[in-house]
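Only one structure is covered here, and it is reproduced in the block below.
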Amino acid sequence: MIILGIAGLFHDAAAALVRDGELIAYVEEERLIRQKHAHGKFPYQAIRFCLQQAGLRFHDLDALAFYYDCSRSLVCDWKVEPFFSHFQRHPRDLLGYIENLQMIRSYVEMFAKTVGVRLEVVDHHDCHLATAFLCSPFEKANILSLDARGEAVTAVLAKGEGAQITHLAEVPMPHSLGMLYSAVTHFLGFPFLDGEGSVMGLASYGEDRFADVFDHIVTPTPDGFVTQPREYWSQATVSWLSQVPNGLSRFFGQPRTYRRNPINGTDEHIAASLQAVTERIGVHLFDLLFAQTGWHDFCLAGGVGLNAKMNGELAAHPAVQRLYVPPAANDPGCAIGAAFALYARETGKRPSPLPHAYFGPEWSNQDIKAALEETGVSYAACSDVTTRGAELLADGNILGWFQGRMEMGPRALGNRSILANPGDAAMKDRVNNRVKHREDWRPFGPSVVVEQRERYFPTSISAPFMTMALPTTPAGRRDLSAAMHVDATARAQVVTHEANPRYHALITEFGKLTGIHGVLNTSFNLKGDPIVNTPHDAIAMFQRTALDHLVIGDFLVSR
Amino acid sequence: MQENGRFLDDAQRAAALRALEDEFATTLTEAQVLQAARLFFALMSSSALVQRDAVRHEVTRHIADQLAPVLEGEDDHAEEKQETRIP
Ligand SMILES: [Fe+2]
């Protein structure tokens, strides 16, 4: 059975091709069209890549699986307060809301009809739950989908056993932890979809001084949580709520505009309190799951699943033995989830867990050489890029590292990465000033080899995808000082030979040269751009920034 | 949403807005309320506001421009596949 999973038309379009339960290809549309989050786009380029990668055409497909059921949304959530009262005052907004969903539904149906493939629509949370559990290696596990919103609910507590996923509890609209996080993010002057990560970083500079405000907005309940939606739902985060000001002003004054340094004695504490309540609710939901199943393995996805700081807290939850957060926990990953969920539903069989995160486009040395020739940069063939790369890193160089198939999800995982020596604390500013141009209060993360994990992290948790901020040991704080946050946690990637042999070999070599068994790893892109995809993208970034070298396939590009 | 506006039918849209405004108006007779409610629910469950021709045009254009290599081709690959599917 061959299924093409599709996410798109809202934000973060992506496509995934699943053949007989095995993921063959996956890519985010933003990487191909070079437009971060691909707002409003349908993933034409991603679909083309997936089919070409699998050597298939549309007539080979058994089904398309789309990640959002607009019909269900249309009949459910307009009735919910405070939307209903709002729509009574502003019928035009209701019309806008209906139009958008009608358009998306028609568009997807038209696409399926035109390419002649059966269309199946999968509930949004069922996609997230499937991405969380069916990609994981666990035979049975608790599953949490924690999101801004789905069709009618914003979070689902579930359990997975084999191919079967069963809902245990749901948090209905309009109570949304994801929407609250986005609303505060916007209030603090950061953009929707990208700013949430900045606010999470900012939180570590503050203290939980506004617990009273956030405890008023969010309250845990025996089956999830409830919120005070009027305090945070607004046009800032939901376009069809026109003329609704940000309710957070009642507590914190005027909404902020973006500042490069937001630490002002108040805003970092707002971020800290938001983060604290998010973690309290996350822990509460894990408590509820554990109370129902008694199981110690947990899976987590949905937009809030990108919150590495919360995930680090959850990993330390006493009930948690293993925690799996997929590399694309957010909406693009739903392309995989939709296809996996449909496969499980129609065959009764469980899809194969993901062995790694590398299912994107790849270029041969021949392609790379052609791109190097075309752009006229000075390069040399290199027979042993791992040894040479390790030497360059040990000498204090900042490397662009471009290898193999592109990784999925928002974090670079060693195939489209910028790398540096993490043992030199000054390296963080160097990478920022010379290459990344990010706000200097935001941390970078390290990639460490699995053999040395316990040296740096006092945990046995498997962390292959940079989805958790882990506490560090004294050796970790010394060796990884440039890739660690102010609170002494690090958003780590633990690299195995099986998942990424070349990256594992590079870090191992670097360890032999320096005694440091990890590298600083940040995504290969400029602030605001998608991660590089083609050799041309990588070479262009090398030319535009002060990267010292670019290791691309079996070539070394130098200045 | 602005970007999606290109798929919408202006006349249908104006009529729908009137229906919605009626739905929420407080001075309607019982019969008018029923009629407005009927329109409203039809709107919720249909795709009445979308100009299907505009969507069809755009989808077809994108498929032709961007997906030509993976469409059903004139090569004989298609026939092979069909043969293997006959039980
Ligand atoms: Fe989502």
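Note that the structure is predicted; figures quoted are calculated from it, not measured. Throughout, protein chains are lettered first and strands after them, A, B, ... in sequence-line order, and every chain is numbered starting at 1.
- More than 12 heavy atoms of other residues, nucleotides or ligands lie within 6.0 Å of NZ in Lys79(A), so this atom counts as buried by the packing criterion.
- Side-chain atoms of Val50(B) and Tyr107(A), non-hydrogen and from C-beta on, never get closer than 4.5 Å to each other.
- Rounded to the nearest 0.5 angstrom, Arg56(B) CZ and Thr114(A) OG1 are separated by 7.5 Å.
- Judged by distance alone, the side chain of Arg57(A) and the main-chain N or O of Val70(B) form no donor-acceptor pair under 3.5 Å.
- Taken from CZ in Phe111(A) to OG1 in Thr60(B), the straight-line distance is 10.5 Å, to the nearest 0.5 Å.
- Asp65(B) meets the side chain to side chain donor-acceptor pair (under 3.5 Å) test with no other residue; sequence neighbours excluded.
- Within a 6.0 Å radius of CZ in Arg92(A), other residues, nucleotides and ligands contribute 12 heavy atoms or fewer.
- Val59(B) approaches Tyr44(A) most closely through the heavy-atom pair CA-OH, 3.6 Å.
- Partners of Leu193(A) by side-chain contact (heavy atoms from CB on, under 4.5 Å), not counting sequence neighbours, listed by chain and number: His11(A), Asp12(A), His37(A), His39(A).
- Between chain B and the options Leu101(A), Ile98(A), Val75(A), Ile47(A), the largest number of non-hydrogen pairs under 4.5 Å is found for Ile98(A).
- Side chain of Gln102(A) to backbone of Leu49(B): a donor-acceptor contact under 3.5 angstrom is found.
- Heavy atoms only, all atoms of each residue included: Ser106(A) and Val55(B) are closest at O-CG1, 4.1 Å.
- Arg52(B) approaches Met110(A) most closely through the heavy-atom pair O-CE, 3.7 Å.
- Between atom CZ of residue Arg48(A) and atom CD of residue Gln66(B) there is a gap of 8.0 Å, rounded to the nearest 0.5 Å.
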